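One structure is given here, and the rest of the page talks about it.
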Amino acid sequence: ADVVGVWFIAALLLRQREQDKEVRRRREALPRSCRVRRDWAAIAAAVRLASMSAAMPERRGCVAVSRPLARWEECWRRVSEARAARKDYFRRVDFNLTALMTRACGPLMMIVVVALVSF
């Protein structure tokens with residue numbers, strides 16, 4: 001049972017390493033100037049979203065803040081939390097734990113079947 005646990009942990013770590021390499025390779029595929037321009041565009045979009053949200057009238061679920069700067073900071077926090085949640089969601093979808101466990105079970109199942117057949 002310990003060997004199976006170690007096998008699954010090794011499969012998880014290997015997939016995480018592959019995923020990190022893919023992200024790094026994808027990021028470094030573009031020239032530095034394009035990456036910087038894209039990063040600044042993402043920051044500009046986040047600032048615009050926070051500013052638009054701060055300028056909108058109060059809605060249900062929003063914190064009522066009388067000072068404009070504090071309201072903008074609250075909106076900035078919500079925008080950054082939404083971006084972090086989106087990034088985390090796509091990372092989990094890309095990791096695909098179910099497929100990883102299925103691939104990790106393959107060699108173990110082959111060993112079990114060969115042992116049963118040979119017995």
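None of the values given here were measured: they were computed from a predicted structure.
Met109 is not connected to Ile9 by any chain of hydrophobic side-chain contacts under 4.5 Å among Ile, Leu, Val, Met, Phe, Trp and Tyr, and they are in different clusters. Taken together through direct or relayed side-chain contacts under 4.5 Å among Ile, Leu, Val, Met, Phe, Trp and Tyr, Leu100 and Leu108 form part of one hydrophobic cluster. The cluster map of Ile, Leu, Val, Met, Phe, Trp and Tyr, joined by side-chain heavy atoms under 4.5 Å apart, puts Val4 and Leu97 in the same cluster. Following chains of ILVMFWY side-chain contacts shorter than 4.5 Å, one cannot reach Val36 starting from Val23, and the two form parts of different hydrophobic clusters.
Residues that satisfy the side chain to side chain donor-acceptor pair (under 3.5 Å) test with Gln16, not counting sequence neighbours, are Asp20. In this structure Glu28 satisfies the side chain to side chain contact (heavy atoms under 4.5 Å, CB included) test together with Arg24, Arg35, sequence neighbours excluded. In this view, Arg86 satisfies the side chain to side chain donor-acceptor pair (under 3.5 Å) rule with no residue, not counting sequence neighbours. Taking Ser51 as the reference, Trp72 meet the side chain to side chain donor-acceptor pair (under 3.5 Å) condition, with sequence neighbours excluded.
Here CG of Asp88 is found 13.5 Å from CZ of Arg83. Values are rounded to the nearest 0.5 Å. Atom OG of Ser53 sits about 6.0 Å away from atom CZ of Arg71, to the nearest 0.5 Å. With values rounded to the nearest 0.5 angstrom, Lys21 atom NZ is found 14.5 Å from Arg26 atom CZ. Here Arg27 contributes atom CZ and Arg32 contributes atom CZ; the two are 10.0 Å apart, rounded to the nearest 0.5 Å. In this structure, CE on Met101 lies 11.0 Å from CG on Asn96, to the nearest 0.5 angstrom. Distance check: Trp76 CH2 to Leu49 CG gives 9.5 Å after rounding to the nearest 0.5 Å.
Side-chain atoms of Arg48 never come within 3.5 Å of backbone atoms of Ile43 as a donor-acceptor pair (strictly under, hydrogens ignored). A donor-acceptor pair under 3.5 Å is formed between the side chain of Ser80 and the backbone N or O of Arg77. Judged purely by atom type and a 3.5 angstrom limit, Gln19 uses its side chain to pair as donor or acceptor with the backbone of Arg91.
Residue pairs meeting the salt bridge (Lys or Arg N to Asp or Glu O under 4.0 Å) criterion with at least one member in residues 93-107, sequence neighbours excluded: Arg15-Asp94.
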Determine all donor-acceptor pairs shorter than 3.5 Å in which one atom belongs to a side chain in residues 111-119; sequence neighbours excluded.
residue, atom, partner, partner atom, Å
Ser118, OG, Val114, O, 2.9
Ser118, OG, Ala115, O, 3.1

